[in-house]
Structures are given as C-alpha cells and as structure tokens.
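Contents: one structure, followed by commentary.
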Amino acid sequence: MEDSRIVELYWKKNSDAILASEEKYGSYCRLIAENILHNREDAEECVNDTWLQAWNAIPPQRPQSLKHFLARITRNLSFNRWKSQSAVKRSGHETALVLDELAECLESETDVESEVFLRELRACIRDFARSLPEREGSVFARRYFFLDSVSSIAERYGMTENNVMVVLSHTRKKLKKRLSKEGFYDDAK
Amino acid sequence: MTRNDLFSCMDAMDDEVLARSEKTTKTENNQRKPHGWWIAAAACFCLIAGFGAWGLFGSRTAADPNGSEVVAGIVDLDEDSFILDGQQNARYQRFTYEDFIRFGLLPEGTPDSDVYTLAAMCIVSDDSLGATLGTITTASKPELVGKTARQYKTASGDNVCIVESDGGYEFYYRKAILEQENAVAAYELLERAFGHDDLGYTLFPDDYAGSYIEGDKLVLLLTNVSEETQKKYKTWAAQYAGVLVFKEAEYSYNTLNDTADAISKDLEDKGYTITEYCVSETTNRIIIRVANCTSAQTSELKRALEEAYHVPVSIETVQGKWTTVTP
C-alpha cells in the first residue's frame, strides 16, 4: 500500500493503518529496535508501541516520509527502553559502544534540561548531517541513527571495518568542531 | 550536554540523509525506489567507501573548512602523525597505550600511563634499532620536522619506528591503509570526469563495469579494454593513472544496474519480498536478497532470472535477519 494511503488511514482513524504499517514497515522497525535493544521481545514491544504512537501523532502530523517517521518513533522508544533498563539487564552492547563514540564529540558531559538547547542541538545535527559528503553522511547515519554495527556498515557499503571506523572517527572529529564552533560547549548556552 | 542527549538528537537527521543511507537496502516489501538510479549510486558508494576514509579525505580538503592540516592537497594529517621525506603515501601515527600492547612492545597487563612513560619502559638498545627510515618533513608537531625516524624491530616485523624527542623516545607506526590514498584519489578524479545528474549521482560511462581497490591499486573493470579506452581513463585519472589496473568484464555497470531494477520489479510483482538488491562490482553480477525462500526456490529463481535476463545473478535468501546464502 502506498504511504500516502496509509497516512490517510491514520487520519481517518482507520485501524487498517496499523495493519498496513506492520505489514510494510514491521520488519524495518524491528531491525532498528533490535539494533538498540538486542532483545527480540523488547524490540517487539517497542515496534507495537510505535504503531500506537503513530496513531496518536497522526493527525495532527502528516509525515512526508512515513518510513522515517516510524523509524524515529521506534528509535526513540527503543532508546528510552534501553535507558530505563538496569545496567545488568541491558543487552544492547552496541548501543553502549555508540554512546561511548558519541561521547568523543563532547568536551565534557553535563546534564542539560533546556528544551531550547536540545532544539538547537537537533538543528545543528540536522545541518551537520546534511552538510556531509554523501558517502560520509550515509555511514554516519547508519551508525548513529540506525545503530548498525561497524561490520554491518562495512558489509553494506563494501568497506573494510577499519575503513568504517576511520570514517566515523573523522566525522566525529568534525562534529566536535562543529558543536564547539556553534557554542554548544559554552556554559552560557 | 550528555552522550544520551547527542544520541537522542541524532534522530533530527532529515529524511533525505536517511533515505540516502539506505540506498543499497530495500528493507520493506513493495517499496518502489523513486528513480532508477539508486543502485548505481549505491554501487558507486560501495566503491568509494571501499577505499576507506581516504576517499573522504581526498580532494575534499579544499571544501572542508573544518578540516585539519592539509598535506599535499590529498589527506588530512591526523593528530600526532608525520610524513617522511620521499614517502608521501605513508603516514606514521604515534603510539597510544593500546599500540604498545598491540605491537608487543609491552606485555598485556602493563598499567596504562602516558606515552612518554610507556616509551621509556621499552628498552631501546642498538639491537632493537634498525635502519634509518628518513627525515620527517611534515608533522602535526612542528618540532618533529627535521628529525630522523629509525626503524624499531618488533617480533612481528611491523612498521614501527622511533623518533628521539625531548630527551626521550616516541614510538610511531606506519598506517598501511594510507597506501590506498592514491587509488582513492584516482577514483575521485574518475568520478568527477564521469559527471553527475541533477541529483548529484554519478553517470557511469557505458564501458565502465565497476571498480575496487586491491592493495594500492584501483582495479577498473571495463567492457572494452582497448588501448584507446585505457588511455581515456588514464587521462581522467591524471597524475594517479599509475595506480590503475584494467580488467575486462562482460557486463557494463549500467547494464547490470538497469537489469537489477527490472528484476526487482518483476520479482515484487510476482509477490517476492526483496530485501535488497545491488550490483557486485567485484564479481560483475547482480545480487538479489529475497526473504524466506528455500534453497531449492533460490536455485530455481537464479536459473529462471539468468535465462530471462541474460546476466549473472546471485540469489541470497533472508530469514528474518540475513542468515543463509545461496550463491
């Protein structure tokens, strides 16, 4: 079914929207959730919650890309679930690795509760990812949006794992510079 | 800001960036790609990505205002690295703690410490010093320029060298991956010569069948390896023409690409779930990944497709996550 048709079903509050979403994007969202949680049962629950959240969000929202709209919901739900799990229960080792990598982009870690700050950070990351050369941006997205493993990225793009790691390292350095340049390490921000 | 904040905000990447990253993968059933170009672009990406980071560093330096020091217009010079006289293709990277362990200079379990202390812990005797490798011409630390690097003999014979600095020693290793940088630079020049469509995707020539890195060479697959054709590609590769290796292939990249599109559509119309399809540049064939097929079904499918489309096809079957392969 076309995405526009599925979105229409959501707008009409027709439960077929959920069936169509599951049929078309179920495995896609499940993969994202499993990449974060590394647990099938937890991932399944997050995917089911994705349909519910999409149901609640549409309307008023009308996503341009239903696929990525659902992907974002799954990603956020999965990450929230991962964070809520105790360190012992967490099985998303890759998630911890990705977070460690992202920590390299930070001068230091301090809790920020400002919505404005996070909104600006999101805008910065959106612009940064958009500004990257195509291949670099894709590797960056696979790792930090989809949480693909390094080996998976290497397989996808025909790279060696070492190449992938070097690309990611280079991109993180650029992101760190960008964040610094835009004042995200400035206490006043 | 915490790492969790940064991770959460990564979902701000826009749809276009995410879609681009999925070019080699169709992860859901019945999704039509918007145009016929994605396989070509994806394979192009595979090629460039296969080159490694040096493709990213290469020839982009002028457009990278955030980049670090630029060396010879080709690559960024990483932190704590240097170049030796006459070895423009090699970078020497300073040891970290992990490198001391990895190269066997210090035993596992050695307490982590600063690199000066670690270097001092390595006994530097005349027996361990080898030939003079050269003089440092460019370095991230200017004080290293002019100093001599000497080979340091390790049990595994790795390219480790030692530089005397500040009354002590610094250990460096040769980054072999950089040997590929000329091949990467060659491809970037070729890609530029190929031209791009309005969306920025490469327009491959009809005699081009793919390319990949092998050692420090760029292997170019061509449907026509005549001297004239080779000369054309060498001209495009300009000063990097020496790294080109030509191999004849039966099917052009454009042919495989277009056929892959047609096959995918055909299979989807017949009710198959295509999880991914792409052109393999190393084997000059199409690879199709189909969900939940038996081995017998994939064999039959391969036979039928090759008979119908007259190109080599590999079918891989996917059960949930990709698990089994039937070449």
Side-chain angles (χ1 to χ4, degrees), chain A residues 1 23-25 27-28 31 34 64-65 67-68 71-72 75-76 79 83 98-100 102-103 105-106 109-112 117-118 121-123 125-126 129-130 132-139 141-142 144-146 156-160 162-164 166-167 169-170 173-174 177-178 181 184-185, chain B residues 1-25 27-31 41-57 60 63-64 66-68 76 78-79 177 180 200-201 212 273 275-276 280-282 291 320-321:
Chain A
M1 189 183 293
E23 186 184 338
K24 189 168 184 181
Y25 294 120
S27 56
Y28 175 75
L31 197 63
E34 283 184 14
Q64 291 292 312
S65 164
K67 179 183 183 180
H68 298 126
R72 286 188 184 91
R75 184 182 185 275
N76 289 338
F79 186 52
K83 282 190 293 185
V98 164
L99 289 171
D100 286 345
L102 289 176
C105 303
L106 306 175
E109 290 196 71
T110 50
D111 284 332
V112 178
F117 180 93
L118 293 176
L121 179 58
R122 287 170 58 82
I125 288 170
R126 183 169 51 247
R130 206 183 282 158
L132 291 172
E134 181 184 332
R135 50 191 178 272
E136 191 178 354
S138 293
V139 170
R142 294 312 311 176
Y144 299 119
F145 183 93
F146 294 103
R156 174 182 285 269
Y157 296 130
M159 304 166 72
T160 66
N162 190 39
N163 292 159
V164 173
V166 173
V167 171
S169 170
H170 184 67
K173 282 179 188 169
K174 284 168 73 174
K177 281 181 186 171
R178 177 74 167 261
K181 190 179 165 189
F184 283 96
Y185 303 137
Chain B
M1 175 172 31
T2 65
R3 63 188 73 189
N4 287 357
D5 294 331
L6 197 52
F7 179 91
S8 295
C9 290
M10 287 289 165
D11 76 348
M13 287 185 217
D14 56 27
D15 293 343
E16 194 182 333
V17 171
L18 299 180
R20 217 183 283 152
S21 78
E22 294 175 310
K23 270 179 208 155
T24 58
T25 303
T27 42
E28 69 289 341
N29 191 15
N30 295 327
Q31 182 203 14
C44 166
F45 180 90
C46 284
L47 167 68
I48 299 165
F51 296 162
W54 319 112
L56 301 175
F57 301 161
R60 185 182 42 80
D64 180 12
N66 295 326
S68 52
D76 292 341
D78 290 340
E79 195 176 345
I177 189 173
Q180 298 182 341
Y201 292 99
Y212 57 90
T273 299
T275 61
E276 180 176 15
S280 167
E281 296 189 62
T282 51
K321 278 196 165 184

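Quick note on labels: first sequence line is chain A, next is B, and so on, each numbered from 1. Note that the coordinates shown come from a computational prediction; the quantities given were computed from them, not determined experimentally.
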Checking A:Leu99 against chain B: side chain, backbone, both or neither under 4.5 Å from a heavy atom? both
Search all heavy atoms of A:Lys83 against all heavy atoms of B:Ser8 and return the closest pair with its distance. NZ-OG, 4.4 Å
So, the part of A:Arg130 with a heavy atom under 4.5 Å from chain B: the answer is both
Do you know which of A:Ser169, A:Gly137, A:Ala141 has the most heavy-atom pairs with chain B at a distance under 4.5 angstrom? A:Ala141
Taking B:Arg3 for its side chain and A:Val98 for its backbone only, find out whether a donor-acceptor pair lies under 3.5 Å. no
Worked verdict on A:Ile125 versus B:Asp11 for side-chain contact (heavy atoms from CB on, under 4.5 Å): CA-CA 9 Å; A:Ile125 288 170; B:Asp11 76 348; over 6 Å; no
Show the nearest heavy-atom pair for residues A:Leu106 and B:Thr2, with the distance to one decimal. CD1-C, 3.6 Å
A:Leu102 and B:Leu6: which non-hydrogen atoms are nearest, and at how many Å? O-CD2, 3.5 Å
d(B:Met10 CE, A:Arg75 CZ) to nearest 0.5 Å is 8.0 Å
Shortest non-hydrogen contact between A:Ala129 and B:Met13, atoms and distance: CB-CG, 3.7 Å
Note, A:Tyr28 side chain near B:Glu22 side chain (heavy atom, < 4.5 Å): yes
Suppose we screen for side-chain contact (heavy atoms from CB on, under 4.5 Å). Which residues come up paired with B:Ala12, at least two apart in sequence or across chains? A:Arg122, A:Arg126
Sequence neighbours excluded, which residues qualify as ring-ring contact (aromatic ring centres under 6.0 Å, His included) partners of A:Phe145? none
side-chain contact (heavy atoms from CB on, under 4.5 Å) evaluation trace for A:Tyr144 with B:Cys9: CA-CA 10 Å; A:Tyr144 299 119; B:Cys9 290; over 6 Å; no
